[in-house]
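Protein chains get the first letters and strands the later ones, always in sequence-line order, with residue 1 at the start of each.
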2 protein chains.
Amino acid sequence: MKKPVPGARRVPFDRLIECLTGIFERHGCSASVAAILAENCASAERDAAESHGLFRMPGYVSTLRSGWVDGRALPVVEDVAPGFVRVDAQNGFTQPALAAGRALLIEKVRTNGIAIIAIRNSHHFAALSLDVEPFASEGFVALAFINSMAVVVPHGAKAAVFGTNPIAFASPRADGPPVVFDMATSAMAHGDVSLAARENRPVPPGIGVDSAGQPTTDAAAILGGGALLPFGGHKGSAIAMMIEILCAAIVGSRFSYEVDWSSHPGAKTPNTGETIIVIDPNRGNSGLAPFAARVEELIGEMQEAGQERLPGDRRQAARRERLREGIPLSPAAIAMIEELGGHL
Amino acid sequence: MKKPVPGARRVPFDRLIECLTGIFERHGCSASVAAILAENCASAERDAAESHGLFRMPGYVSTLRSGWVDGRALPVVEDVAPGFVRVDAQNGFTQPALAAGRALLIEKVRTNGIAIIAIRNSHHFAALSLDVEPFASEGFVALAFINSMAVVVPHGAKAAVFGTNPIAFASPRADGPPVVFDMATSAMAHGDVSLAARENRPVPPGIGVDSAGQPTTDAAAILGGGALLPFGGHKGSAIAMMIEILCAAIVGSRFSYEVDWSSHPGAKTPNTGETIIVIDPNRGNSGLAPFAARVEELIGEMQEAGQERLPGDRRQAARRERLREGIPLSPAAIAMIEELGGHL
């Protein structure tokens with residue numbers, strides 16, 4: 001372990017959840033919404049997904065204060081087909097809407113072998129990996145998509161249309177926690193560009209364009225009227241487009257370029273949609289090799305080929321250490337929590 | 001139009017299908033398999049997807065001659081759950097297996113809102129776009145994955161594990177043919193590296209590694225014991241891994257690295273799997289904007305932002321021209337067809 005920073009401390013995971021629940025309640029969330037968001041945010045911090053952990057708390061509070069999102073929304077779950085759940089989050093956060101539809105979704109997957117949940121009028125400000133991993137822990141394969149707000153310029157275009165539109169995937173494996181990945185389809189995460197701008201560092205080439213649509217390594221120019229590029233050129237751009245279609249168009253919410261929070265200063269959370277597809281991989285495979293064992297074989301082969309870090313490995317290692325030792329909080333994080341009215 | 005090459009000619013689409021059907025039958029395919037493969041191959045040529053059109057015919061014949069694939073296989077369709085179709089292609093080609101399971105799949109999508117087909121023991125040697133586009137023409141959204149043979153090295157590894165593992169997506173739109181993309185998850189298509197090697201041209205950096213796992217621009221080194229890299233670094237690598245899981249592990253077929261045709265000289269087609277997820281995007285969306293109209297709005301915004309060529313545009317333009325004027329055949333293509341016993 002690294003040398004402790006003066007003033008830093010570790011708190012147990014449950015204690016952090018309790019503290020964050022208090023902050024969410026104090027800033028306008030119902031008890032049930034506060035509990036869900038607090039566990040989600042603490043879990044990202046536990047997994048060392050810091051960009052979606054405590055770092056997000058001021059943004060949550062600011063967006064709640066602005067009136068842009070409803071912290072007391074009661075999601076409406078619609079059973080629209082034997083394999084299809086729709087949820088209207090009623091301008092609330094996505095995680096409570098997913099929690100509301102989850103039992104029905106799982107029942108449909110068990111019955112049908114595959115099912116889809118399409119959540120609309122929802123605000124997602126969290127790590128997408130946390131939405132898919134629990135399905136894999138129950139033996140299912142899950143694939144999730146969210147769109148966000150227009151900060152990514154389509155390949156060959158001059159202006160931003162797509163969000164950073166992450167895709168997340170989770171699969172069971174026989175001898176370990178689920179394989180999970182969660183990736184923005186932009187060349188760099190928005191938060192990392194902000195960090196570079198704040199520190200006056202250039203970003204690598206291929207990350208973004210300026211307000212004239214010209215390639216630049218100036219992080220401030222990317223953020224100030226410019227845009228990010230998709231990862232992987234025209235291929236990543238096509239995937240970002242697919243995510244707009246699989247989210248906004250299917251769920252019946254806004255496209256990323258339609259998000260307009262200008263009337264709510266302080267708003268930070270895009271009001272868009274989330275789509276999750278869940279598959280029972282063992283359905284009807286008697287006589288074939290069990291799914292999780294096969295995934296384990298694939299992982300073994302990837303390791304044999306020299307891939308030392310598998311998707312999700314870093315998250316899992318941090319989780320083990322932090323559940324055991326407590327979640328490390330920097331003095332700045334502690335000050336921020338206190339400023340938001342949290343009690344550690 | 002370009003100036004015609006001496007000896008080149010154009011043939012009507014139907015005439016080309018008929019000619020290719022004859023070649024497939026002559027080389028060991030049943031009448032029904034021959035008809036499906038011939039239409040598929042001619043369609044790729046019609047769409048100017050030349051790398052999966054006539055260019056593939058010698059490979060089809062060579063693999064049929066080798067005994068590696070069964071051109072007379074009768075696929076077995078299993079109705080394993082209300083939303084799940086499994087097909088055992090019985091070591092035949094994938095397209096006849098998909099055709100055999102298609103009606104049941106569509107029925108399930110109409111009933112459930114979503115359904116999945118998992119095809120195993122199947123050989124895919126064709127353009128994946130052709131597998132998904134017909135679903136979009138019927139108003140559905142389709143997402144397809146196939147794995148192939150180990151030619152792509154996972155991010156950070158030294159040896160090939162993944163196939164070029166393409167992903168294809170198709171969606172209806174209100175005012176035009178479906179939006180379709182079809183992309184290898186390798187940094188470059190295998191066929192394009194072969195072409196560069198044949199012409200002694202280097203490939204750009206970032207495409208492949210040599211047999212020691214070191215980056216190289218030497219196409220021959222990539223093919224001779226080296227490997228391709230995934231597109232988009234660790235993100236493309238994670239997607240390639242996901243496709244191995246969504247195909248091989250779910251369908252119950254070989255992973256790309258398990259394909260071994262060494263006992264069948266002349267074999268060219270990986271025996272792996274294909275998975276297709278089909279969604280009815282309008283299910284339960286009364287009161288929301290109609291799906292295809294929303295996709296049209298997204299496309300309009302992408303064009304407004306300056307994206308001149310949308311995914312699939314080139315294919316559609318070629319299709320219109322070639323259906324009207326005939327499929328152009330070079331003297332070399334005509335000679336190849338005649339050599340394989342085809343009659344134009």
Side-chain angles (χ1 to χ4, degrees), chain A residues 78 80-84 86 111-116 120 141 153-161 169 171 179 181 183 213 231-233 235-236 238 241-242 244-246 248-250 252 255 257 277 279-281 283-285 288-289 291 294-295 297-298 301-302 304-309 311, chain B residues 78 80-84 86 111-116 120 141 153-161 169 171 179 181 183 213 231-236 238 241-242 244-246 248-250 252 255 257 277 279-281 283-285 288-289 291 294-295 297-298 301-302 305-309 311:
Chain A
E78 302 166 273
V80 299
F84 208 136
R86 287 188 183 272
T111 306
N112 293 290
I114 186 169
I116 182 171
R120 67 179 183 273
V141 172
V153 61
H155 185 73
K158 301 277 176 206
V161 174
F169 173 78
S171 168
V179 191
F181 71 74
M183 61 172 75
F231 90 99
K235 294 185 180 186
M241 175 195 76
M242 175 183 85
E244 294 288 339
I245 294 174
L246 286 175
I250 284 186
F255 287 119
Y257 65 86
I277 295 167
I279 303 165
D280 179 355
R283 194 57 185 263
N285 77 340
L288 304 174
F291 176 80
R294 288 290 282 157
V295 174
E297 286 176 43
L298 174 65
E301 188 74 15
M302 288 162 65
E304 189 118 329
Q307 186 166 21
E308 284 168 16
R309 211 172 84 185
Chain B
E78 302 166 272
V80 299
F84 208 136
R86 286 189 184 271
T111 305
N112 293 292
I114 187 168
I116 183 171
R120 68 180 182 274
V141 171
V153 61
H155 186 73
K158 301 277 178 207
V161 174
F169 173 77
S171 168
V179 192
F181 71 73
M183 60 172 75
F231 89 100
H234 72 281
K235 294 185 180 187
M241 176 196 74
M242 174 183 86
E244 293 289 337
I245 293 174
L246 285 175
I250 284 188
F255 287 119
Y257 65 86
I277 296 168
I279 303 166
D280 179 354
R283 194 58 184 263
N285 78 340
L288 304 174
F291 176 79
R294 288 290 282 158
V295 174
E297 285 175 43
L298 174 66
E301 188 74 15
M302 290 162 65
Q307 186 166 20
E308 285 168 16
R309 212 173 82 186

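- With a 4.5 Å cut-off on non-hydrogen atoms, B:Arg283 touches chain A through its backbone and its side chain both.
- There is no contact between B:Ala289 and chain A, counting heavy-atom distances below 4.5 Å.
- The part of A:Arg120 that comes within reach of chain B is its side chain, from C-beta onward, which places non-hydrogen atoms under 4.5 angstrom from that chain.
- Of the listed residues A:Pro82, A:Gly113, A:Gly236, the one with more heavy-atom pairs under 4.5 angstrom with chain B than any other is A:Pro82.
- Atom NZ of residue B:Lys158 and atom CD of residue A:Glu304 lie 15.0 Å apart, to the nearest 0.5 angstrom.
- Here the straight-line distance linking atom CE of A:Met242 with atom CE of B:Met183 works out to 8.0 Å at 0.5 Å rounding.
- Between the CD1 atom of B:Ile116 and the CG atom of A:Asp280 there is a distance of 10.0 Å, given to the nearest 0.5 Å.
- You'll find the side chain of A:Phe231 stays beyond 4.5 Å of the side chain of B:His234, heavy atoms only.
- For B:Phe169, the part lying near chain A is the side chain, with the backbone staying farther off; criterion is any non-hydrogen pair under 4.5 Å.
- Per-residue heavy-atom pair counts under 4.5 Å with chain A were compared for B:Arg309, B:Gln307, B:Glu308, and the maximum is reached by B:Gln307.
- The shortest distance between side-chain heavy atoms of B:Asn112 and A:Ile114 does not fall below 4.5 Å.
- Panel note: side chain A:Glu78, backbone B:Gly284; no donor-acceptor pair is recorded below 3.5 Å.
- Here the side chains of B:Phe181 and A:Met241 are in contact, with some heavy-atom distance below 4.5 Å.
- In terms of heavy-atom pairs under 4.5 Å with chain A, the best-connected choice from B:Ala249, B:Gly252, B:Pro311 is B:Ala249.
- Between chain A and the residues B:Ala157, B:Gly232, B:Pro154, the most heavy-atom pairs under 4.5 angstrom are made by B:Ala157.
- Using a 4.5 Å heavy-atom cutoff, the side chains of B:Asn285 and A:Ile250 are not in contact.
- A:Tyr257 places none of its side-chain heavy atoms less than 4.5 Å from the side chain of B:Met302.
- The contact between A:Phe255 and chain B is made by backbone and side chain atoms together, counting heavy-atom distances below 4.5 Å.
- In this structure, A:Glu301 CD and B:Glu244 CD are separated by 10.0 Å, a value rounded to the nearest 0.5 Å.
- For the atom pair CD1 of B:Ile245 and CZ of A:Arg294, the computed distance is 11.0 Å after rounding to the nearest 0.5 Å.
- Only the side chain of B:Val179 comes within less than 4.5 Å of a heavy atom in chain A; its backbone stays farther off.
- Among A:Leu288, A:Val141, A:Ile279, the residue making the largest number of heavy-atom pairs under 4.5 Å with chain B is A:Leu288.
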